[in-house]
Amino acid sequence: KKKWLPMLSLMFVFALFLTACGSSSSQESSGEAETEEKEEKKTLRVVTDAAYAPMEYQDKGEVVGFDIDFVKAVAKEAGYEVKVDHVGWDPIFVEIEGERADLAVSSITINDERKQSYDFSVPYFQSTNKILTPEGSDIKSAEDLKGKKVAVQNGTTGQAAMDALLGKNHKDIKKFEDNNLAIMEMESGGAAAVVADNVVVEEYAKNNPDKKLTVIEDADFDSEFYGLLFPKGSDLPEEFNKAINSILDDGTYTEIYKKWFGTEPNIDVLKE
Ligand code: ARG
């Protein structure tokens, strides 16, 4: 008579089984969520002077540029998230010195003077100063800048080059807080030329054909290398140097470089 009993107990066992499966799988997923939370990436504060296209500039309120793509790729490789803040050039050094930022990316040339107060990564970009001047001007070399007013961004290697050429605090060196202001000074006739990093002046001349500008190189200007800037004694440079080497080797750097410059980078020169 009680034929339904085995059937019922079978169903009961099956139901138990399903419940067990469900609860075990839900346990598993909550366990996963927990480890994900533990491994959540630390966010580093990166400061920059976003007035140096195509390296770092503002586009619709967003900080973009080669350096920004680069620092994001390196940080990702090293296991960090980044938040990039445009603070301006002089404030970069104040923020890093006060350890209110973890690092800076801003086409910052590695040099001995800066190395005294800050730590740098390995080089990630080669550069040199060049002269931006109106087409047809009689400036053909750095030497021709003597007797002319030259606009530079304050505290840059462009300023240092003019200090060396004309003398420190020379009245003809006009110093500006950002490089775009230096360019505006030249365009309004207050200076005969701007001295700044090659990629920046070249990009500007190319993007503003109506302004009829020309870019002059001079062998007297040093070859420079950019590095990421860290507070002195930071633990990050070691991790970031490894990450820079990885993205130089795995094609990520090349991809970013091609996106911004349309040509292949010379990676060997960075590794010398
Ligand atoms: N490379 C030059 C220097 O280190 C100029 C860098 C200026 N960078 C900028 N984002 N305005 O002095």
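Counting starts at 1 for both ligands and their atoms, following the listed order. Counting from 1, the numbers follow the sequence of the chain as shown.
Ranking the protein heavy atoms by distance from atom 6 (C) of ligand 1 puts Ser107 O, 3.2 Å first. Looking from atom 8 (N) of ligand 1 to the surrounding protein, the closest heavy atom is Ser106 O, 2.8 Å.
Close approach of ligand 1 to Tyr226 is summarised as follows: ligand atoms under 4.0 Å from at least one heavy atom of the residue are 1 (N). Those atoms of ligand 1 with a heavy atom of Ile108 less than 4.0 angstrom away are 4 (O). Residue-ligand proximity, Gln153 to ligand 1, at heavy-atom distances under 4.0 Å covers atoms 7 (C), 9 (C), 11 (N).
Contact annotation: for Glu56 versus ligand 1, heavy atoms closer than 4.0 Å belong to the side chain alone. With a 4.0 Å heavy-atom cut-off, ligand 1 is reached by the side chain of Asp197 but not by its N, CA, C or O.
Considering backbone and side-chain N/O atoms, Asp49 comes within less than 3.5 Å of an N/O atom of ligand 1. Ligand 1 has an N or O atom lying under 3.5 Å from an N or O atom of Thr157, backbone or side chain.
Taking the ring centroids of Phe93 and Tyr118, they lie under the 6.0 Å cut-off.
Summarising the geometry of Ala50 relative to His86, their closest heavy-atom pair is N-ND1, 2.9 Å, with the distance given to 0.1 Å. In plain terms, the two heavy atoms of Gln153 and Gln159 that are nearest each other are O-CB, 3.8 Å.
Donor-acceptor pairing under 3.5 Å is lacking for the side chains of Thr128 and Glu217. Side-chain N/O atoms of Ser107 and Glu56 include a donor and acceptor closer than 3.5 Å. In the model, Asp102 has no side-chain atom that pairs as donor or acceptor with a side-chain atom of Tyr80 under 3.5 Å.
Ile216 and Leu132 sit in two unconnected hydrophobic clusters of ILVMFWY residues. Membership requires side-chain heavy atoms under 4.5 Å apart, directly or through other members.
Within the structure, ligand 1 has Arg114 among the residues with a heavy atom less than 4.0 angstrom away.
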